[in-house]
Amino acid sequence: MKDAQFFRFEDDGTIPNNFGLPVVFYPAAFSGKTERIEQAFQQHGWGNTWQGGVFDFHHYHSNTHEALGVVSGSARLQLGGESGKEVEVTAGDVCVLPAGTGHKRLSASDDFRIVGAYPGGVEYNLKTGEPGERPYVLEDIQNTPLPKTDPVYGDVGPLLSEWKV
């Protein structure tokens, strides 16, 4: 596996992003073994899994962190809101988004499919940066507990050391 990459995003006034936790990007984490992504997430305590795509509008979850594993195809995602970073993802890649991190699909291949999962199987909320969300989502983000495990590596891994779990 290639080294993990870390991306930090500031609050842009619409998308809050996170108070210090970076996105963790694992390129080729499951290269050639994409059928194992969902099982690995579940074995490492990241549940409430689903399969599908990524919305084509900026959104985030204020009450939980999210792991996204690319099962098939490829896509260009924008992370961190309108002034964030564009990231190319392909089958086998995993992105772990801290609570509050904006994400949006810019383009995708016809066969693009991901698995999403949440630490402890939390039921996620869906926020889009509407002004009325602002007062309470910042508190939600700050109060979201750190995960106990890395969705790719379990009890060890770059996420745990970078997020100081």
Side-chain angles (χ1 to χ4, degrees), residues 1 3-27 29-30 36-55 57-71 77-85 87 89 92-105 114-165:
M1 183 183 122
D3 294 331
Q5 299 172 23
F6 306 98
F7 310 123
R8 295 182 185 278
F9 302 106
E10 298 294 322
D11 185 334
D12 69 5
T14 301
I15 304 295
N17 293 303
N18 199 283
F19 305 115
L21 296 180
V23 167
V24 182
F25 177 57
Y26 295 111
F30 290 92
R36 296 188 57 236
I37 296 173
E38 187 167 6
Q39 178 185 9
F41 286 175
Q42 290 173 348
Q43 285 177 339
H44 297 141
W46 289 64
N48 190 20
T49 59
W50 54 270
Q51 290 197 27
V54 175
F55 292 127
F57 56 87
H58 291 289
H59 65 285
Y60 65 94
H61 314 292
S62 67
N63 66 329
T64 187
H65 311 294
E66 181 175 44
L68 300 175
V70 183
V71 175
L77 305 178
Q78 185 167 27
L79 305 178
E82 204 58 52
S83 59
K85 179 177 182 60
V87 177
V89 295
D93 293 349
V94 173
C95 288
V96 185
L97 308 174
T101 302
H103 48 295
K104 168 186 177 177
R105 174 181 40 84
I114 59 168
V115 172
Y118 309 89
V122 170
E123 186 67 37
Y124 60 91
N125 61 20
L126 180 65
K127 304 298 178 186
T128 58
E130 297 299 318
E133 297 171 351
R134 197 78 177 162
Y136 68 92
V137 296
L138 297 176
E139 188 174 330
D140 277 354
I141 293 164
Q142 194 168 22
N143 291 330
T144 298
L146 292 173
K148 295 179 181 1
T149 57
D150 184 303
V152 174
Y153 292 103
D155 292 333
V156 296
L159 179 135
L160 299 178
S161 57
E162 188 69 22
W163 287 12
K164 299 183 184 9
V165 173

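Only heavy atoms go into these numbers, but all of them, side chains included; no hydrogens, no water, no symmetry mates.
Contact check for Pro22 versus Phe7: no side-chain heavy atoms found under the 4.5 Å cut-off. Looking at Thr64 and Pro119, their side chains come closer than 4.5 Å, going by heavy atoms from C-beta outward. Side-chain contact check for Phe30 versus Val152: some heavy-atom pair is nearer than 4.5 Å. Considering only heavy atoms from C-beta on, Phe25 stays 4.5 Å or farther from Leu79 through its side chain. Under the 4.5 Å side-chain criterion, counting only non-hydrogen atoms from C-beta, Glu123 is in contact with Asn48. Cys95 is not listed as a side-chain neighbour of Val24, based on a closest heavy-atom distance of 4.5 Å or more. With a 4.5 Å cut-off on side-chain heavy atoms, Asp140 and Asn125 count as touching.
With a 6.0 Å radius and a threshold of 12 heavy atoms from other residues, nucleotides or ligands, Arg36 has its CZ atom at or below the threshold. Enclosure of atom CG in Asn143 by more than 12 non-hydrogen atoms of other residues, nucleotides or ligands within 6.0 angstrom is indicated.
The structure places CZ of Arg134 at 4.0 Å from CG of Asp11, a figure rounded to the nearest 0.5 Å. For the atom pair CD1 (Ile15) and CZ (Phe9), the distance works out to 11.5 Å, reported to the nearest 0.5 Å.
In terms of heavy atoms, Phe6 sits closest to Pro158 at CZ-CB, 4.0 Å. Between Tyr26 and Leu159 the shortest heavy-atom distance is OH-N, 3.2 Å. Of all the heavy atoms in Val94 and Ala29, the pair that sits closest is CG2-CB, 4.1 Å.
Aromatic ring pairs are classed by plane angle as parallel below 30°, tilted from 30° to 60° and perpendicular above 60°; the pair Tyr124 and Trp50 is tilted. Taking the six-membered ring for Trp and thresholds of 30 and 60 degrees, His65 and Trp163 have ring planes inclined between 30 and 60 degrees apart.
A donor and an acceptor atom, one from each side chain of His59 and His103, are located under 3.5 Å apart.
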